[in-house]
Amino acid sequence: MNALHRLQRDCEHAFRGADAAPLLPDLVGKAIPPATRIEVYRNNAREICRKALANSCPVVEQLVGDACFRSLAREYLDAHPSTSGDLQHFGREFPAILDALYSGSEYDYLGDIARLELAIEDALLEPEAGTLDLDALADVPPDRLGDVIFTQAPSLRLVGSRYPLLSIWRAHQPGAEESVDLSSGAEYVAVRRVGDEVEMRLIDRAAFILGRALNGGGSLNQVWDELPDDVREVLPGALTALSLAGGLSHFSLPES
Amino acid sequence: MTQGVPGGAGPIPAIAGIGLRGPHQAHFLHDRPAAGWLEAHSENYFAADGIAAAALERIRADYPLSLHGVGLSLGSVDPLDAGHLDKLARLVERIEPGLVSEHLSWGSVDGRHLNDLLPLPYTGEALAHVALRMEQVQDRLGRQILIENVSSYLEFKGSTMTEWEFLVEAASRSGAGILLDVNNIYVNSKNHGFEPDDYIEAIPTTVVGEIHLAGHTVQRFDEHEILVDTHNALVCEEVWNLYDAAIARFGRTPTLIEWDSELPPVDTLLAEAARAEQVMAKYDERAA
């Protein structure tokens with residue numbers, strides 16, 4: 001390891017809040033002690049992390065409050081150091097951290113809110129796609145319908161929760177006044193880009209499960225085994241609901 | 001188009017511009033306020049199919065645009081991130097910015113990123129390393145970049161040259177130009193105890209392609225004060241005075257008002273840009 005590598009490693013440890021002792025002999029003291037100077041970089045590291053998470057998950061920040069969110073961001077930074085110079089996807093593990101911390105508590109739904117907020121952010125990074133009209137399937141021979149492979153819109157993100165996820169999110173948008181009954185049941189949301197905006201539509205559980213299953217690129221026959229019985233029973237309706245939510249952009253039929 | 005807004009083609013004009021930030025993007029798209037030119041953070045537009053890159057392309061049609069990177073980590077000992085550089089190259093090819101700039105700093109080691117602009121030791125080893133990487137970036141992009149001096153809150157005992165010597169030599173060896181951040185010079189002069197005018201006087205008059213101006217914050221740590229480059233306030237009078245000295249030395253130079261946190265209305269940024277214009281105009285008259 002050369003001198004520059006050693007110095008950068010010592011800085012990284014110190015700025016992340018680990019032992020600063022190896023770095024201190026390398027720093028000029030002058031009027032302000034080196035430990036104080038290191039503290040500026042520690043603060044910056046935490047603030048950069050907090051801002052990145054807050055930009056991605058503003059509703060989570062509202063729900064827990066500023067002090068708690070700062071603490072969460074600090075915990076996240078320790079557990080998931082950034083691995084890129086681009087912070088675009090920095091928060092992708094944030095829902096799992098929230099699940100681990102709040103599962104079973106009154107904030108049980110926080111992880112799902114974070115998933116929805118990250119889905120919104122993700123959708124805006126993807127291209128827009130057309131919507132499949134299921135009438136186009138009329139030309140497919142009935143005995144080949146199971147072989148059809150549906151392509152989902154690249155921006156489609158499906159987020160589900162046993163809580164009223166979208167209602168909670170909407171209640172925390174500027175100007176919203178409605179309150180949410182947390183016991184009002186599960187909500188499943190299809191998120192996708194439409195123009196320069198994100199569209200969010202509630203879908204039913206069957207459409208949600210079918211959409212998740214089709215996400216791997218398999219045909220209806222190929223995903224059949226992973227579908228619960230109650231979804232199999234309503235498959236045409238689930239497919240229609242998924243299509244109406246803009247979740248399907250086109251289909252292909254492999255040669256038999 | 002609103003009167004006073006230059007078209008998007010060509011280089012960055014030697015006038016004052018402002019930073020383009022997300023909350024202001026719709027205003028620039030729809031109302032086209034009369035800014036001289038705009039500067040965008042490259043990484044915010046890396047998703048080629050996303051809405052941000054498409055919006056930037058539309059804005060580019062109306063305004064001269066500079067791309068300013070914050071994440072390439074030029075001074076890191078980690079290998080240069082080829083994926084990051086590829087995304088930057090694709091964005092540069094698409095947007096055709098008037099200027100491309102990055103920072104004379106590092107931000108990652110052993111694959112862990114702090115996403116901060118961290119200072120290098122001013123040593124021969126660090127100089128050779130960062131200058132080589134600046135060359136590699138320019139080779140990949142097929143164009144010159146500008147390299148910006150950063151704010152710092154500590155100094156390394158191992159440094160064998162001044163910050164300005166390091167900056168000038170890095171630019172000279174790599175063939176890069178200099179993006180001189182006058183606020184960062186002022187912040188560092190207070191944090192490390194040097195005369196900021198000495199810094200300005202040490203920079204050759206021919207290498208400065210852009211100047212940055214921004215606000216900073218005085219943070220207290222027990223009985224100590226450290227100036228932190230927070231980009232959340234008006235440019236202070238001391239920095240305006242230093243900018244005056246810079247323009248006196250370098251002449252009219254593309255000048256950017258940077259503001260990233262606690263973002264004010266665009267009009268506040270435009271008023272700061274107008275003040276920079278006044279400074280440049282003063283030296284136009286003297287040169288005439």
Side-chain angles (χ1 to χ4, degrees), chain A residues 1-16 23 25-41 43-45 47-49 51-52 55 77 81-90 121-129 154-155 193 195-198, chain B residues 22 26 29 42-44 46-55 69-73 75-78 81 83-84 87 106-121 123 125-126 129 152-159 191-193 219 221-222 224-226 228 230 260-261:
Chain A
M1 187 189 301
N2 62 30
L4 185 58
H5 192 173
R6 181 193 61 75
L7 189 65
Q8 290 185 351
R9 184 175 285 183
D10 289 346
C11 282
E12 196 264 348
H13 286 175
F15 298 167
R16 213 175 274 291
L23 179 63
D26 289 306
L27 303 183
V28 175
K30 287 190 183 172
I32 301 172
T36 301
R37 295 175 180 276
I38 289 171
E39 195 57 32
V40 178
Y41 286 102
N43 288 346
N44 281 356
E47 186 61 7
I48 288 164
C49 173
K51 280 184 181 171
N55 282 339
L77 183 62
S82 168
T83 56
S84 171
D86 174 8
L87 283 166
Q88 200 82 65
H89 298 290
F90 174 63
E121 193 173 61
D122 271 359
L124 290 171
L125 301 177
E126 300 287 354
E128 197 176 12
S155 66
R193 174 184 168 186
D196 288 348
E197 306 288 336
V198 161
Chain B
L29 276 170
S42 312
E43 286 79 4
N44 293 343
F46 274 2
D49 293 322
I51 64 162
V70 296
L72 203 46
S73 196
S76 289
V77 293
D78 283 352
D81 184 337
H84 193 110
K87 288 177 187 171
W106 67 281
S108 74
V109 63
D110 300 332
R112 293 185 302 276
H113 288 250
L114 282 154
N115 302 100
D116 199 355
L117 304 169
L118 304 173
L120 287 160
T123 63
E125 179 195 19
H129 178 70
S152 68
Y153 316 111
L154 53 75
E155 290 178 295
F156 298 105
K157 282 181 183 168
S159 290
N191 289 340
H192 306 311
Q219 293 187 3
F221 294 84
D222 299 324
H224 306 295
E225 280 186 352
I226 296 182
V228 180
T230 42
D260 291 293
S261 296

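Letters go in sequence order (proteins before strands), and every chain restarts at 1. Just so you know, these numbers come straight off a predicted model, no measurement behind them.
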Taking atom [atom1] of [X] and atom [atom2] of [Y], what is their separation to the nearest 0.5 Å?
X	Y	atom1	atom2	value
B/L114	A/C11	CG	SG	9.5 Å
A/L4	B/H129	CG	NE2	6.0 Å
B/H84	A/D86	NE2	CG	6.5 Å
B/L29	A/D196	CG	CG	8.0 Å

*asked:* Can you tell me which of A/E197, A/E126, A/E47, A/K51 forms the most heavy-atom pairs within a distance under 4.5 Å of chain B?
replied: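 Of the options given, most contacts go to A/E126.
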*With a 4.5 Å cut-off on heavy-atom pairs, point out which of A/P81, A/A31, A/P33, A/P34 contacts chain B the most.*
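Ranked by heavy-atom pairs under 4.5 Å with chain B, first place is A/P33.
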Chain A contact via [X] - which portion, at a heavy-atom distance below 4.5 Å:
X	result
B/S73	neither
B/F46	side chain
B/T230	neither
B/H192	both
B/S76	both
B/N44	backbone
B/L72	neither

*Toward chain B, the part of A/H89 with a non-hydrogen atom under 4.5 Å*: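 When you check distances to chain B, no heavy atom of A/H89 falls under 4.5 Å.
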*For A/P25, is it the side chain, the backbone, both, or neither that has a heavy atom closer than 4.5 Å to a heavy atom of chain B?*
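For A/P25, backbone heavy atoms alone lie under 4.5 Å from chain B.
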Would you call [X] and [Y] a side-chain contact if the rule is heavy atoms closer than 4.5 Å?
X	Y	value
A/L27	B/F156	yes
B/V228	A/V40	yes
A/H13	B/R112	yes
A/F15	B/D116	no
B/D110	A/R9	yes

Which atom of [X] lies closest to which atom of [Y], heavy atoms considered:
X	Y	result
B/F221	A/E39	CE2-CG, 3.8 Å
B/H224	A/T36	CD2-OG1, 4.1 Å
B/H113	A/R16	O-NH2, 3.4 Å
B/N115	A/S84	ND2-O, 2.9 Å
A/Q8	B/V77	OE1-N, 3.0 Å

*Return yes if some donor-acceptor pair links the side-chain N/O of A/Y41 with the main-chain N/O of B/Y153 below 3.5 Å, else return no.*
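Such a contact is found between A/Y41 side chain and B/Y153 backbone.
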